Amino acid sequence: MVPTSYYLILSGVIFAIGAVGVLVRRNALIIFMCVEMMLNSVNLTLVALSRQWGNLDGQVFVFMVMAVAAAEVAVGLALLIANTRHQESINIDEIHLLKW
Amino acid sequence: MSLSVLFFVLVAGVSLAAAVGVVVSRQPVHSALFLLTNFAMLAVLYVTLAAQFLAAVQVIVYAGGIVVLILFVIMLIGGDTNDFVAPQRSWTRVTALGLGILLLAGLLYSFAQRLQPLPPNPEDLVQGGVPQAVGTALFTRFILPFEVVAFLLLVALIGALILGRPPTSDDPEAALLQQDSTGR
């Protein structure tokens, strides 16, 4: 039986990689993928702790997170598509219409 | 090292390599495929954690839905990236790596501190996350959140439809915005 802490450490490392990706990359789509990866690593934490405590609530919560992630992807990608109607680039340094 | 730990290390290694691949790939399509690998490996880990239903949902929703959607959008708009050729502020990468290492250190410190005295007790969760158990929980104790999520998905669907709609020419505001953004 693999200890729960192994899963937690793995999810922490994936979360950190995703956070670095969000900070480093300039392509909005890749930032999007990194955010998805961070969401998934937290899901892994919830499932691992659900097994640790013998409680199904964590798995139900992961189900909700997946639904929210699907909604987020649909709206976010629609926003990117709508943005490309007004400007060519999806480089986030050039998407600054709403920036103060 | 027992066989299950060895299997975990193999799967975790692949998933970590895929995660790094998402961040460092030059082509967004490669990033999306690495992301697919990462999601599939997480589904395998869910099976080892006795969450069979979530493993299936992970493959269907993430690998089957989200990654395909991202790939479609890449084909539509994001084929090229200038992350590696355009001049960048030189300090951003170093700062981002430093912050990432800081975050990782904090996470690992807290995990190592909190989880020493808690051995897993698999006897309590013999059933695991089979669809029957998760479905019973979803439709009895969590029926209200379930319905709220259904409503959220409907709202997201309508929002995506409205955002993705081509601008109509008889809308003076949209025409003005288009003129303004192309004029600059």
Side-chain angles (χ1 to χ4, degrees), chain A residues 1-10 12-21 23-27 29-30 32-34 36-37 40 43-44 47-48 50-52 54 56-57 59-60 62-64 66-71 73-75 77-82 84-87 90-91 97, chain B residues 4-5 8 12 16 19-20 22-23 28 31-32 35 38-39 42 45-46 49-51 54 57 61 65-66 69-70 73-74 77-78 81-83 93 96-97 99-100 103-104 107-108 111 115 118 120-122 124-125 129 133-134 137-138 142 145 149 152-153 156 159-160 163-164 167 178 181:
Chain A
M1 192 121 203
V2 184
T4 306
S5 53
Y6 287 16
Y7 289 99
L8 295 189
I9 288 168
L10 171 68
V13 175
I14 293 180
F15 189 90
I17 291 173
V20 169
L23 292 175
V24 168
R25 298 303 298 258
R26 302 261 80 88
N27 187 325
L29 273 169
I30 292 180
F32 218 76
M33 293 184 222
C34 290
E36 287 301 313
M37 208 162 67
N40 258 279
N43 281 354
L44 180 65
V47 175
S50 162
R51 185 195 64 166
Q52 165 94 26
L56 267 184
D57 291 4
Q59 298 194 11
V60 174
V62 169
F63 185 78
M64 305 292 176
M66 282 179 180
V68 173
V73 165
V75 175
L77 291 180
L79 275 173
L80 276 180
I81 298 266
T84 49
R85 292 226 172 81
H86 298 297
Q87 87 192 97
I90 54 165
N91 186 333
L97 194 63
Chain B
S4 60
V5 175
F8 172 82
L16 277 182
V20 173
V22 172
V23 176
S31 280
L35 190 70
N38 190 28
F39 288 166
L42 284 188
L45 288 181
Y46 288 170
L49 283 168
L54 281 182
V57 172
V61 172
I66 290 179
L69 196 59
I70 288 176
V73 174
I74 290 172
I77 58 175
T81 178
N82 58 356
D83 277 17
R93 267 180 208 188
L97 272 180
L99 285 174
L103 173 67
L104 185 62
L107 285 173
L108 293 185
F111 287 159
L115 274 152
L118 302 174
N121 40 353
D124 291 352
L125 199 66
V134 180
L138 264 181
F142 295 97
V149 159
L152 175 82
L153 283 175
L163 283 173
Q178 190 127 28
S181 59

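Only a predicted model underlies this, so the values are computations on that prediction, with no experimental measurement involved. The sequence lines fix the lettering, A, B, ..., with proteins before strands; numbering per chain opens at 1.
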Heavy-atom contact with chain A under 4.5 Å, split by part of [X]:
X	value
B:Leu107	side chain
B:Leu99	side chain
B:Val149	side chain
B:Leu35	side chain
B:Leu108	side chain
B:Leu103	side chain

Among [options], which residue forms the greatest number of heavy-atom pairs with chain B at distances under 4.5 Å?
options	result
A:Ile14, A:Val47, A:Leu80, A:Val20	A:Val47
A:Leu77, A:Leu79, A:Val68, A:Val62	A:Leu77
A:Tyr7, A:Phe32, A:Phe63	A:Tyr7
A:Val13, A:Leu44, A:Val75, A:Ile9	A:Leu44

[atom1]-[atom2] distance between [X] and [Y], expressed to the nearest 0.5 angstrom:
X	Y	atom1	atom2	result
B:Leu45	A:Asn40	CG	CG	11.0 Å
B:Ile74	A:Ile90	CD1	CD1	8.0 Å
B:Tyr46	A:Arg51	OH	CZ	13.5 Å
B:Ile66	A:Met66	CD1	CE	8.5 Å

With chain A, which of B:Leu97, B:Leu153, B:Val61 has the greatest number of heavy-atom pairs at distances under 4.5 Å?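 Ranked by contacts with chain A, first place is B:Leu153.
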Between B:Ala137, B:Gly159, B:Gly100, B:Ala96, the one whose heavy-atom pairs under 4.5 Å with chain A are most numerous: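 Sorted descending by pairs with chain A, the first entry is B:Ala96.
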Going by the angle between their ring planes, with limits at 30° and 60°, are B:Phe8 and A:Tyr6 parallel, tilted or perpendicular?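 Judged by the thresholds at 30° and 60°, the geometry between B:Phe8 and A:Tyr6 is tilted.
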Where is the tightest heavy-atom contact between [X] and [Y], given as atom of each residue plus distance?
X	Y	value
B:Leu69	A:Ala74	CD2-CA, 4.3 Å
B:Val23	A:Arg25	O-NH1, 2.5 Å
A:Ile30	B:Val22	CG2-O, 4.0 Å
A:Ala78	B:Gly164	CB-N, 4.4 Å
A:Leu8	B:Phe111	O-CE1, 3.0 Å

Check against side-chain contact (heavy atoms from CB on, under 4.5 Å), B:Leu104 and A:Phe15: CA-CA 8 Å; B:Leu104 185 62; A:Phe15 189 90; over 6 Å; no
When A:Gln59 is tested against each of B:Leu49, B:Val57, B:Val134 for side chain to side chain contact (heavy atoms under 4.5 Å, CB included), which residue passes? B:Val134
Find out whether B:Leu138 and A:Met64 are in side-chain contact, i.e. whether some heavy atom of one side chain is under 4.5 Å from a heavy atom of the other. yes
So for A:Ala48, is it side chain, backbone, both, or neither that comes closer than 4.5 Å to the heavy atoms of chain B?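 For A:Ala48, the contact with chain B is made by backbone and side chain together.
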Derivation and outcome, side-chain contact (heavy atoms from CB on, under 4.5 Å), residues B:Leu163 and A:Ile81: CA-CA 8 Å; B:Leu163 283 173; A:Ile81 298 266; over 6 Å; no
